[in-house]
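Encoded as structure tokens, the structure appears first; notes follow it.
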Amino acid sequence: MDRKVVELAAKELIRQNSGIELIASENYPSIDVREAAGSIFTCKYAEGFPGRRYYGGCEVVDELENLCIERCKALFNVAYANVQPHSGSQANYAAYRALIASGAKVLSLALNDGGHLTHGSPVSFSANTYNFVHYDLGGDGHLDMDIIAKRLDEENPDLFLAGYSAYPFAIDFKKMRELIDAHNAKTGGHCLFMVDMAHIAGQVAAGKCQNPCDYADLVTSTTHKTLRGPRGGLILTNRLDLVKKIDSAVFPFSQGGPLEHIIAAKATAFLEASRPEFKVYFDHVLENTKACNDELARLGRVVSGTDNHLFLLNVLASYRINGLEAQNRLESIGITANKNMIHGDTLSPKYTSGLRLGFAAVSSRGCTKEQAIEIAHIIDDALINPEADLDALKARVAKEVVADWEDISCLTY
Ligand code: DSN
């Protein structure tokens, strides 16, 4: 036994069990998912795809990967799934490669407005390989379909990208499809439509929002956020003419051997997400997120509102502190969250004016609506008064909230 690693895992379990996890991109997979991720499949090389591998001995992993693909297709009601991407960034890397040529123009939302590093940030491969231009949000921080229509005509992009990391509102993928089709018809353009649904994949699986697979040419996702699977990625499409390009963009272009143990865990997570209990879970996620947002609003704080698993709290306007200070203060009382730029932010990404708060993880542990409201009060008490008794607040987190919750090491769904 590697005592050091076992010791660190035990320490991390204590950290996770004793805190309130509000990072919107995190969640707790079931013990079944975690066992699959640590299973015998980690020993197997299987470069290629089911039925066409570069190694012998792949008959069982072929069965496994096909099972995972079929469950994934059924869950998202889509014709094709590639379950091999190691992460969301890898999925996006392969997706761009499958859809457009180097130097092609992509119209996306900037990172500072809620996009993602791989959506054209100068520090990511994306902006170094493709020509990213951006659309703005409307003045109220919502997507504005008139702005999108105008930007499509101005830029005539090869690809339009939707799907975000810090966008708390519903996304009208159907309307976006209509705008892209209208733009293409008017200009003779060939703009494609891609959605990165990483943050809302669980909400899509639960049937609680529009399914981007119904409208986009290609959809990417992670599997570990609201979908509650292992850390990983996937690519979906109904465009069977794109399948060869997607497969070869994943392997051999950008990845080697697939992580079959993670594919085993994805298969398990897709089964769990297909059950009626997952819809109930997602109702709790939505209810808890809204309850915390609304309670902070009732207390007079500046919040974004929410239609999904997250909302943004403007800590600069609400408490005259920046996002970094707010994040640190909450961390010291056992609440984990992350600083985040808000629409029209006047501070730099290092500090930010906002905090992103998500309820997917705590809802997996059994957070109730009353506890989500109590969390709003604890956050408010911690941030409003620079002299707040942080030890007392930490004790309140432990006694009044976390004490009731499931132990993460025993979660079954
Ligand atoms: N880093 C993730 C998030 O926190 O939203 C996105 O990949």
Side-chain angles (χ1 to χ4, degrees), residues 1-2 5-6 9 29-99 102 118 125 129 198 201 205 213 218-225 227-274:
M1 185 175 40
D2 179 342
V5 169
V6 170
S30 68
I31 45 176
D32 290 345
V33 168
R34 286 163 46 194
E35 269 174 20
S39 66
I40 191 74
F41 291 114
T42 195
C43 311
K44 188 70 196 105
Y45 244 124
E47 285 183 359
F49 293 96
R52 45 199 172 99
R53 306 280 192 184
Y54 285 79
Y55 292 86
C58 286
E59 61 276 15
V60 183
V61 290
D62 275 5
E63 231 179 288
L64 171 75
E65 194 165 328
N66 279 329
L67 176 73
C68 185
I69 289 168
E70 290 310 315
R71 284 181 180 171
C72 185
K73 282 162 46 180
L75 186 64
F76 293 108
N77 189 28
V78 72
Y80 159 90
N82 187 312
V83 296
Q84 292 192 1
H86 300 335
S87 69
S89 293
Q90 289 290 122
N92 286 345
Y93 187 94
Y96 296 144
R97 165 78 186 178
L99 293 176
S102 294
T118 58
F125 75 88
T129 314
C213 298
L218 182 151
V219 175
T220 58
S221 186
T222 53
T223 47
H224 50 273
K225 297 187 174 85
L227 193 51
R228 212 161 60 181
R231 200 157 283 280
L234 52 85
I235 303 178
L236 311 172
T237 189
N238 280 312
R239 291 258 322 253
L240 295 180
D241 58 314
L242 293 175
V243 165
K244 267 194 176 160
K245 284 184 178 169
I246 296 170
D247 281 351
S248 63
V250 173
F251 174 83
F253 188 76
S254 60
Q255 292 191 171
L259 309 177
E260 292 295 339
H261 55 304
I262 298 301
I263 289 175
K266 287 174 183 171
T268 307
F270 298 151
L271 177 68
E272 290 176 357
S274 70

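Here the structure is a predicted model, which is why all the values come from computation and not from measurement. All heavy atoms count here, side chains included; hydrogens, waters and symmetry mates do not.
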Is there a donor-acceptor pair closer than 3.5 Å between any side-chain N or O of D247 and the backbone N or O of N82? no

Looking only at heavy atoms, what is the nearest atom pair of A46 and R53, with distance? O-NH1, 2.9 Å

Minimal heavy-atom distance between I263 and P258, with the atoms involved, is CD1-CB, 4.0 Å

Expected list for residues 248-255: side-chain donor-acceptor pairs under 3.5 angstrom, two or more places apart:
| unit_1 | atom_1 | unit_2 | atom_2 | d |
| --- | --- | --- | --- | --- |
| S248 | OG | K244 | O | 3.1 |
| S248 | OG | K245 | O | 3.4 |
| S254 | OG | A249 | O | 2.7 |
| S254 | OG | V250 | O | 3.4 |
| Q255 | OE1 | H86 | N | 2.8 |
| Q255 | OE1 | Q90 | NE2 | 3.4 |
| Q255 | NE2 | Q84 | O | 3.1 |
| Q255 | NE2 | H86 | ND1 | 3.4 |

Check: N238 side chain, A79 main-chain N or O, donor-acceptor pair, under 3.5 Å: yes

Roughly how far apart are Y93 OH and T118 OG1, rounded to 0.5 Å? 12.5 Å

Side-chain donor-acceptor pairs under 3.5 Å in residues 32-44, sequence neighbours left out?
| unit_1 | atom_1 | unit_2 | atom_2 | d |
| --- | --- | --- | --- | --- |
| R34 | NH1 | I408 | O | 3.1 |
| S39 | OG | A36 | O | 2.6 |
| K44 | NZ | G56 | O | 3.0 |

What is the distance from atom CG of L227 to atom CG of L234, rounded to the nearest 0.5 Å? 7.5 Å

Between T223 (side chain only) and P230 (backbone N and O only), is there a donor and an acceptor less than 3.5 Å apart? yes

Over 12 foreign heavy atoms within 6.0 Å of OH, Y54: no

CG of N92 to OG of S221, rounded to nearest 0.5 Å, is 9.5 Å

Would the distance check show the side chain of R71 and the main-chain N or O of L271 forming a donor-acceptor pair, the cut-off being under 3.5 Å? no

Rounded to the nearest 0.5 Å, what separates atom NZ in K266 from atom CZ in R231? 12.0 Å

Shortest non-hydrogen contact from A95 toward T220: CB-CG2, 3.7 Å

For the CZ atom on R239, are there more than 12 heavy atoms of other groups (residues, nucleotides or ligands in this structure) within a distance under 6.0 Å? yes

Looking at A198 and T222, what are the two nearest heavy atoms and their distance? CB-OG1, 3.3 Å

How long is the span from the CD1 atom in I235 to the CG atom in L99, to the nearest 0.5 Å? 8.5 Å

Scanning both residues in full, the closest heavy-atom pair of Y45 with G257 reads CE2-CA, 3.9 Å

What distance separates L236 CG from I246 CD1, expressed to the nearest 0.5 Å? 8.5 Å

